[in-house]
Asks: 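Following this message is one structure expressed as structure tokens.
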Amino acid sequence: QVQLVESGGGLVQAGGSLRLSCVASGRTFSRQAMGWFRQAPGKEREFVAAINWSGASTYYADSVKGRFTISRDNAKNTVYLQMNVLKPEDTAVYYCAASRFVTAAQSMQGYHYWGQGTQVTAAS
């Protein structure tokens, strides 16, 4: 079993930045691909970013490419999402997800463990 705990969400003005963190426990973190998803009110959960087990490969949704950066520190069992130039449409609950596999996926079906989510609000 894997436990994921997100932190770092909050309220920021449009154009601002936030960094989300997700600490994992309970399994060999360094052998897991990790991802970030988000869900806005009334919308389905959507892919944001993913990273493979080593950090060598990263993937982004088109809507965040160039503004968000996913990274990981395997020594700290932590994955990060640096979010810059936030827009009101980035407002959502952000979820951290862990896979049983080393290769990152860009769909929810590729992940087996989920955090409780953290709220991000970018005010216009």
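One is the number of the first residue; the rest follow in order along the sequence.
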Asks: Do Val120 and Leu18 pass the side-chain contact (heavy atoms from CB on, under 4.5 Å) test, and can you show the C-alpha distance, the side-chain angles, and the key distance before you say yes or no?
Replies: CA-CA 8 Å; Val120 170; Leu18 284 172; 3.9 Å; yes
Asks: Look at the side-chain heavy atoms of Ile, Leu, Val, Met, Phe, Trp and Tyr, link any pair under 4.5 Å apart, and say whether Phe37 and Ile70 land in one connected group.
Replies: no
Asks: Consider only side-chain N and O atoms of Thr121 and Gln119, and report whether a donor and an acceptor are under 3.5 Å apart.
Replies: yes
Asks: Indicate the atoms forming the closest heavy-atom contact of Ala40 with Thr91, along with that distance.
Replies: CB-O, 3.7 Å
Asks: Take Phe29 and Met34 through the test side-chain contact (heavy atoms from CB on, under 4.5 Å) and record every step on the way to the result.
Replies: CA-CA 9 Å; Phe29 177 79; Met34 301 293 294; 3.7 Å; yes
Asks: Would you say the ring centers of Phe68 and Trp36 fall short of 6.0 Å from each other?
Replies: no
Asks: Hey, what do you get for CD (Gln3) to CD (Gln116), rounding to the nearest 0.5 Å?
Replies: 11.5 Å
Asks: State plainly whether the residues Asp62 and Lys65 are in salt-bridge range, i.e. N to O under 4.0 Å.
Replies: yes
Asks: Checking Asn74 side chain against Trp53 main chain: does a donor-acceptor pair fall under 3.5 Å?
Replies: yes
Asks: Looking at Lys76, is its backbone amide N or carbonyl O close enough to the side chain of Thr78 to form a donor-acceptor pair, meaning the two atoms are under 3.5 Å apart?
Replies: yes
Asks: Hey, could you give me the CE/CZ distance between Met83 and Arg19, rounded to the nearest 0.5 Å?
Replies: 11.0 Å
Asks: So, for Gly55 and Arg72, which heavy atoms are closest and what is the spacing to 0.1 Å?
Replies: N-CD, 4.0 Å
Asks: Under the 3.5 angstrom rule, does the side chain of His112 hit a backbone N or O of Arg100 as a donor-acceptor pair?
Replies: yes
Asks: Are Val2 and Trp114 joined in one hydrophobic group, where the rule is that I, L, V, M, F, W and Y side chains link up if heavy atoms are under 4.5 Å apart?
Replies: no
Asks: Taking Ser54 for the side chain and Ala56 for the main chain, is one N or O donor matched with an acceptor at less than 3.5 Å?
Replies: yes
Asks: Starting from the C-alpha separation in whole Å, work towards a yes-or-no answer on side-chain contact (heavy atoms from CB on, under 4.5 Å) for Tyr113 and Gln32.
Replies: CA-CA 11 Å; Tyr113 309 98; Gln32 294 176 280; 4.2 Å; yes
Asks: Here's a test for you: under side-chain contact (heavy atoms from CB on, under 4.5 Å), which of Thr58, Leu81, Thr69 qualifies with Ile51?
Replies: Thr58
Asks: Does the side chain of Ser17 pick up a donor-acceptor pair with the side chain of Asn84 at under 3.5 Å?
Replies: yes
Asks: Under 3.5 Å, is there a donor on one side chain and an acceptor on the other for Glu46 and Gln39?
Replies: no
Asks: Mind listing the closest non-hydrogen atom pair of Val79 and Cys96 along with its distance?
Replies: CG1-SG, 3.9 Å
Asks: Please check if the distance between the ring centroids of Phe47 and Tyr59 is under 6.0 Å.
Replies: no
Asks: Grab the two heavy atoms, one from Ser124 and one from Pro88, that are nearest each other, plus how far apart they are.
Replies: CB-CG, 3.7 Å
Asks: Assess Arg38 against Tyr95: is NZ or CZ under 6.0 Å from the centre of the six-membered ring, and within 45 degrees of the ring's axis?
Replies: no
